Amino acid sequence: SIIFDKTGTLTRGTPVITDFEKMPANQDMPDEHLLWLVGCLERTSEHPLAKAIVKYVEERLPSGYLKENPFVEPAKFRALTGRGASGIVSNTTVAAGNRSFAVEHNIALPREAEAAMLEMEFVGKTTIVVAIDGVVALVLGLRDEEKPDAKASIAYLRDVMKLDVWMVTGDNRRTAAAIAAQLGFPQNRLISEALPAAKVQQVRKLKADGRVVAMIGDGINDAGALAEADVGISVGTAAEIAAEASDLVLVKGDVRDVCTALDLSRTIFRRIQLNLLWSLLYNTLGIPIAAGAFYPIVQRRLPPTVAALAMALSSISVVLSSLSLRLYKPPVIASSLRRNFWRNSREATSEENGLTQDLLSHDFLSHVSASEFTESTAVMDNRTSRIEDPSFDVA
């Protein structure tokens, strides 16, 4: 089984704010002051979403505003991993986080905030609620663009390499479902609202089922799961603790490198098996010959020099077999998917034509011509996920 973390692994890891919805309860507060309060709070956090918010605030504020009103350090700052943060800025209590964070802090979501969040979540955006003195003042929508090779790589792992592929994310259920559909994950292979402990639990659950588990991530939140997995793989510019907890570090952030690493490991393991089998057969046959076991039959002995040469050839053959791995070529994922698509298309067309002829061969369709019965159809990928009722449960 393969478990992918979403942020920074399947996505670029550089979320940007796309929506700014101010709530009626704080319409009197100037946008500049509201943004400044949020910026002061989030600049203390190291989370990618917090960095995106700070960047947005700096770009949105008028030129020279921060020179006159520089960011200040929040008092009583408290961050909940994967949920949000709160603190006091200029005698104002500021809190920013997801739905779970709002519930824990008894922040009531007004109807306008709920509607805005639902609209954003259904298109795969992450929503952040900002509360000022316990009242929701702002809803932010952030989008982290998927890596262009992510969907093809996931399809290759699942359909070609026949691996069980999962996605874990801290996003809420609706946002996670939308992103999973875009990347081609079945809904039963999605874990949403996952804190770091939940990722570790999923790894342990799969291992308890007797599976060999590889965890792929890049952040501090993934370190525990990376260490717990049979194989931990960190990608891109992974956090130092994530890289330390990993067995394998892929320097580039290309998801295709995961496919290449797993395919190469399979190729190397098969070559090891081949070398062991060849050595076993070679020595099983060669040692009796060198010992003269067949002398009574052939009346000839193997000269010591030839036996020594044969022993050297055994080692040379294994070395040459291993060196042939230099000819290894990484899988061409896009081409493989296109070949599978066209092969499936031809098979589907052939089956459709055969079914049409079978139906026309019966008397009850004998009055219908083939041209009338057959219509042009489009071959569609039946693996594309469809988002169901937003209240459904996911594994």
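Not measured: the values here are computed from a predicted model. Nothing fancy with the numbering, it's 1 onward along the sequence. Computation of the quantities below employed the complete heavy-atom set of this structure, encompassing side-chain atoms and omitting hydrogens, waters and symmetry-equivalent molecules.
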What pair of heavy atoms forms the shortest contact from A180 to Q187, and how long is it? CB-NE2, 4.2 Å
Contacts of K199 that satisfy side chain to side chain donor-acceptor pair (under 3.5 Å) - sequence neighbours left out: D5, D222
Which residues pass the side chain to side chain donor-acceptor pair (under 3.5 Å) test with T126, not counting sequence neighbours? D171
Just so I know, are the side chains of L157 and F4 near enough to count as touching, which here means a heavy-atom distance under 4.5 Å? yes
Taking the basic N atoms (NZ, or NE/NH1/NH2) and the acidic carboxylate oxygens, is any pair closer than 4.0 Å for E193 and R173? no
If you compare all heavy atoms of A176 against all heavy atoms of M167, which two are closest, and at what distance to 0.1 Å? O-CE, 4.1 Å
Does the side chain of S1 reach to within under 4.5 Å of the side chain of L163, using non-hydrogen atoms? no
Pair L138-L140, side-chain contact (heavy atoms from CB on, under 4.5 Å): steps then yes or no: CA-CA 6 Å; L138 179 66; L140 298 174; 3.7 Å; yes
Run the numbers on T18 and R143 for side chain to side chain donor-acceptor pair (under 3.5 Å), then give the verdict. CA-CA 7 Å; T18 58; R143 184 172 187 84; over 6 Å; no
Establish whether L80 and V129 are linked, either directly or via other cluster members, by ILVMFWY side-chain heavy-atom contacts under 4.5 Å. no
What is the minimum heavy-atom distance between V54 and G39, and which atoms define it? CG2-O, 4.1 Å
List in chain and number order the residues that pass side chain to side chain donor-acceptor pair (under 3.5 Å) with N275, two or more places apart in sequence or in another chain; answer none if no residue qualifies. S321, S322
All ring pair (Phe, Tyr, Trp, His ring centres under 6.0 Å) counterparts of Y56, not counting sequence neighbours: none
Please, which pairs that meet salt bridge (Lys or Arg N to Asp or Glu O under 4.0 Å) have at least one residue in residues 51-72, sequence neighbours excluded? E46-K51
Output side-chain donor-acceptor pairs under 3.5 Å for residues 259-266, partner residues at least two apart or in another chain, one line each.
{"from": "T260", "atom 1": "OG1", "to": "R256", "atom 2": "O", "distance (Å)": "3.2"}
{"from": "D263", "atom 1": "OD2", "to": "Y328", "atom 2": "OH", "distance (Å)": "2.6"}
{"from": "S265", "atom 1": "OG", "to": "A261", "atom 2": "O", "distance (Å)": "3.4"}
{"from": "S265", "atom 1": "OG", "to": "L262", "atom 2": "O", "distance (Å)": "2.6"}
{"from": "R266", "atom 1": "NH1", "to": "M161", "atom 2": "O", "distance (Å)": "3.4"}
{"from": "R266", "atom 1": "NH2", "to": "M161", "atom 2": "O", "distance (Å)": "3.1"}

Salt bridge (Lys or Arg N to Asp or Glu O under 4.0 Å) with D230: which residues, sequence neighbours excluded? none
Judged by atom type as modelled, is there a donor-acceptor pair below 3.5 Å linking the side chain of D218 to the main-chain atoms of V235? no
If only side-chain N and O atoms count, and only distance matters, is there a donor-acceptor pair under 3.5 Å linking T11 with K6? no
Nearest atoms (heavy-atom pairs only) where V136 meets M23: O-CB, 3.6 Å
Name each donor-acceptor pair under 3.5 Å that joins a side chain in residues 114-124 to protein atoms two or more places apart or in another chain, with its distance.
{"from": "E114", "atom 1": "OE1", "to": "R99", "atom 2": "NH1", "distance (Å)": "3.3"}
{"from": "E114", "atom 1": "OE2", "to": "R99", "atom 2": "NH1", "distance (Å)": "2.9"}
{"from": "E114", "atom 1": "OE2", "to": "R99", "atom 2": "NH2", "distance (Å)": "2.9"}
{"from": "E121", "atom 1": "OE1", "to": "R99", "atom 2": "NH2", "distance (Å)": "3.4"}
{"from": "E121", "atom 1": "OE1", "to": "R174", "atom 2": "NE", "distance (Å)": "3.0"}
{"from": "E121", "atom 1": "OE2", "to": "R99", "atom 2": "NE", "distance (Å)": "3.1"}
{"from": "E121", "atom 1": "OE2", "to": "T127", "atom 2": "OG1", "distance (Å)": "3.1"}
{"from": "E121", "atom 1": "OE2", "to": "N172", "atom 2": "ND2", "distance (Å)": "2.9"}

Minimum heavy-atom distance between F101 and N98, given as atom pair plus value: N-OD1, 2.9 Å
Show your working on side-chain contact (heavy atoms from CB on, under 4.5 Å) between W36 and L66 and close with a plain yes or no. CA-CA 8 Å; W36 181 80; L66 288 177; 4.1 Å; yes
Other members of the hydrophobic cluster containing L277, with the 4.5 Å side-chain heavy-atom rule, please. L281
Do K125 and T175 come close enough that some side-chain heavy atom pair is under 4.5 Å? no
A214: side-chain contact (heavy atoms from CB on, under 4.5 Å) partners, not counting sequence neighbours: I2, V231
Side chain to side chain donor-acceptor pair (under 3.5 Å) against D257, all qualifying residues, sequence neighbours excluded: none
Could you report the tightest heavy-atom contact between V255 and T9, atom names first, then the distance? CG2-O, 3.4 Å
Exactly one candidate in T7, I53, D144 meets side-chain contact (heavy atoms from CB on, under 4.5 Å) with P15; the answer is D144
Mind checking whether K151 and Q182 have side chains closer than 4.5 Å, heavy atoms only? no
Is there a side-chain contact (heavy atoms from CB on, under 4.5 Å) between L250 and I233 once you walk through the steps? CA-CA 7 Å; L250 303 178; I233 303 176; 3.8 Å; yes
Working for side-chain contact (heavy atoms from CB on, under 4.5 Å), residues V139 and V130: CA-CA 6 Å; V139 174; V130 178; over 6 Å; no
Run the ring pair (Phe, Tyr, Trp, His ring centres under 6.0 Å) test against Y282 and tell me which residues pass, sequence neighbours left out. W278
Taking the side chain as C-beta and beyond, is there a heavy-atom pair between W166 and D164 under 4.5 Å? yes
